[in-house]
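Contents: one structure, followed by commentary.
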Amino acid sequence: MRVAIVTESFPPDINGVAHCTLQTADHLHRRGHQPLVIAPAGPPGGPPPAMADGRPPESQGELDRSHPYPVVRIPSLPLPGYPQVRVALPSRRLAAAITSHHSDVVHLASPFVLGARGMTAALRLRIPAVAVYQTDLGAYARTYLGAGENAAWRRIRAVHTAADRTLAPSTAAARDLDEHGVPRIRLWPRGVDTERFHPSRRDPELRRSLAPGGELIVGYIGRLAPEKSVELLAPLSGLPGVQVVVVGDGPSEPALRAAMPRARFLGRRTGEDLARLFASLDVFAHTGPQETFCQTVQEAQASGVPVIAPAAGGPLDLVDHGRTGLLVPPGDAAGVSDAVTLLAADARRRAALGRAGREAVQGRTWEAIGDQLIDHYAEVLAVRTAVAA
């Protein structure tokens with residue numbers, strides 16, 4: 001199967017959309033399919049991507065050869081106020097790349113700007129499209145602009161309604177899509193690397209460096225942005241015997257450092273370093289109420305670490321309150337502090353939550369989730385074939 005994946009973000013970006021898209025493309029390649037990734041280009045000044053052999057830029061685009069499948073990069077600009085996010089510019093390269101790839105299916109990863117153009121190309125070329133909903137852009141508009149939520153949903157609805165199938169990562173996300181009039185919704189969650197994220201990665205030396213007094217280490221790992229509500233962890237800094245550790249970067253970092261002077265800010269971490277940090281926590285606390293899934297909750301669970309998360313969005317599917325973690329009211333700093341205090345006083349409960357969380361994610365490998373996605377492609381192709389017959 002030839003699958004063109006049009007994504008708003010791709011590595012070296014570090015976010016949920018980029019990570020899920022990478023896992024999807026890698027899985028398709030391993031299964032013998034032929035993926036093509038079309039993504040925004042990074043900032044200027046980096047190493048120029050290689051060009052496709054014998055093909056001019058206007059027909060193929062800039063071809064990134066750092067993956068075992070083609071990655072076409074579309075010129076982009078940084079999002080004002082959040083330069084880590086880049087927005088693709090209009091370009092003929094997208095449609096030309098899909099055409100030259102002879103794609104059977106177009107996969108739209110969190111479509112909004114580049115993905116909307118990918119949907120237009122799929123319609124024009126009469127190629128079935130599967131749209132993956134991943135980012136609550138309506139809530140982002142409300143958070144960053146204080147307006148525009150309805151306009152964002154009109155855009156989301158238009159793109160997803162045109163797709164042959166929309167895949168939602170959680171029951172809460174599926175419900176939101178349905179309430180906004182999006183048809184043909186199916187559930188498709190996210191996988192987790194249960195070998196990389198594993199309790200055996202716990203590192204005593206790392207723990208001593210982070211909490212030399214033997215404090216309970218409560219960690220947040222993720223982007224530092226307004227929608228993540230990381231400031232809810234500030235009261236934890238005043239709890240005796242608790243050390244707050246923050247891993248990640250983003251526009252909220254200066255304000256968070258000022259609000260939590262006793263917290264340890266470690267910046268962005270990846271790979272094995274990230275896995276060691278997850279496993280070395282005593283408690284993982286996620287604070288953002290706008291998650292359509294929340295991959296870091298799964299990674300903490302795979303690491304055997306008890307989880308505290310808001311009772312909203314994706315975590316409702318991931319955390320069985322009292323068994324695999326604790327859910328607290330969204331936006332409730334006192335609720336987060338109370339949950340941490342409860343776990344700090346009960347090591348046996350922490351261990352039990354960690355074990356149950358690990359058991360809950362054992363079957364959620366990227367291989368299993370990737371095969372589910374291939375089944376969705378096959379079903380969409382079968383429906384198109386039946387309609388055409």
Side-chain angles (χ1 to χ4, degrees), residues 196-224 228-250 252-288 294 296-310 319 322 324-328 331-358:
R196 169 171 290 178
F197 296 100
H198 193 280
S200 64
R201 306 284 185 183
R202 194 171 178 88
D203 186 335
E205 290 187 12
L206 175 60
R207 286 180 51 78
R208 281 193 292 271
S209 70
L210 295 174
E215 297 89 347
L216 184 88
I217 302 175
V218 179
Y220 168 86
I221 297 176
R223 286 186 297 116
L224 307 183
K228 300 300 184 181
S229 302
V230 184
E231 67 276 2
L232 296 177
L233 300 181
L236 299 181
S237 296
L239 294 178
V242 172
Q243 175 62 59
V244 176
V245 172
V246 178
V247 180
D249 60 10
S252 295
E253 183 173 349
L256 291 171
R257 284 181 176 273
M260 297 188 286
R262 293 178 52 197
R264 297 288 302 273
F265 285 80
L266 305 184
R268 180 185 296 190
R269 301 296 180 93
T270 60
E272 301 303 318
D273 192 20
L274 179 64
R276 281 194 299 273
L277 280 164
F278 263 113
S280 298
L281 301 177
D282 293 306
V283 176
F284 174 76
H286 186 82
T287 48
C294 201
T296 53
V297 164
Q298 276 203 140
E299 290 167 348
Q301 289 175 323
S303 303
V305 175
V307 168
I308 298 170
V319 179
T324 64
L326 299 179
L327 294 172
V328 299
D332 187 352
V336 175
S337 294
D338 289 346
V340 168
T341 299
L342 178 68
L343 295 182
D346 194 340
R348 292 181 63 183
R349 187 168 191 179
R350 292 200 307 271
L353 292 174
R355 284 194 302 270
R358 170 75 185 176

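Bear in mind the structure is a predicted one, so any value in this text is a computation, not a measurement.
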For Phe278, ring-ring contact (aromatic ring centres under 6.0 Å, His included) partners two or more places apart:
Phe197, Phe284
Contacts table for residues 213-222: side-chain donor-acceptor under 3.5 angstrom, sequence neighbours left out:
| from | atom 1 | to | atom 2 | distance (Å) |
| --- | --- | --- | --- | --- |
| Glu215 | OE1 | Gly213 | N | 3.2 |
| Tyr220 | OH | Arg223 | O | 2.7 |

All heavy atoms of Pro235 vs all of Ala333, minimum pair found to be CG-CB, 4.1 Å
Minimum heavy-atom separation for Ala339 and Val328, please, with both atom names.
CB-CG1, 4.0 Å
For Met260 and Val246, which heavy atoms make the closest approach, and how far apart are they?
CE-CG2, 4.2 Å
Taking only residues two or more places apart in sequence or in another chain, which ones pass side-chain hydrogen bond (donor to acceptor under 3.5 Å, both in side chains) with Ser200?
His198
Non-neighbouring partners of Ala356 that pass side-chain contact (heavy atoms from CB on, under 4.5 Å), sequence neighbours left out:
Arg323, Thr324
Side chains of Ser229 and Glu231: closer than 4.5 Å at any heavy-atom pair?
yes
Residues in salt bridge (Lys or Arg N to Asp or Glu O under 4.0 Å) contact with Glu205, at least two apart in sequence or another chain
none
For Arg202, what residues pass the salt bridge (Lys or Arg N to Asp or Glu O under 4.0 Å) criterion, not counting sequence neighbours?
Asp282
Quick one: side chain to side chain donor-acceptor pair (under 3.5 Å) pairs with a partner in residues 254-269, sequence neighbours left out?
Asp249-Arg268, Glu253-Arg257, Arg269-Asp273
What residue pairs, at least two apart or across chains, pass salt bridge (Lys or Arg N to Asp or Glu O under 4.0 Å) with a residue in residues 299-309?
none
Test your reading of the model: is there a side-chain donor-acceptor pair from Ser280 to the backbone of Arg207, 3.5 Å cut-off?
no
How would you list, by chain and number, every residue that makes a side-chain hydrogen bond (donor to acceptor under 3.5 Å, both in side chains) with Arg196, sequence neighbours excluded?
Glu272
Return the minimal non-hydrogen interatomic distance between Gly325 and Leu353, and the atom names on each side.
N-CD2, 3.6 Å
Could you give the distance from CG (Leu277) to CG (Leu210), rounded to the nearest 0.5 Å?
6.5 Å
Contact list for residues 332-353, test side chain to side chain donor-acceptor pair (under 3.5 Å), sequence neighbours left out:
none
Once you round to the nearest 0.5 Å, how far does NZ of Lys228 lie from OG of Ser252?
11.0 Å
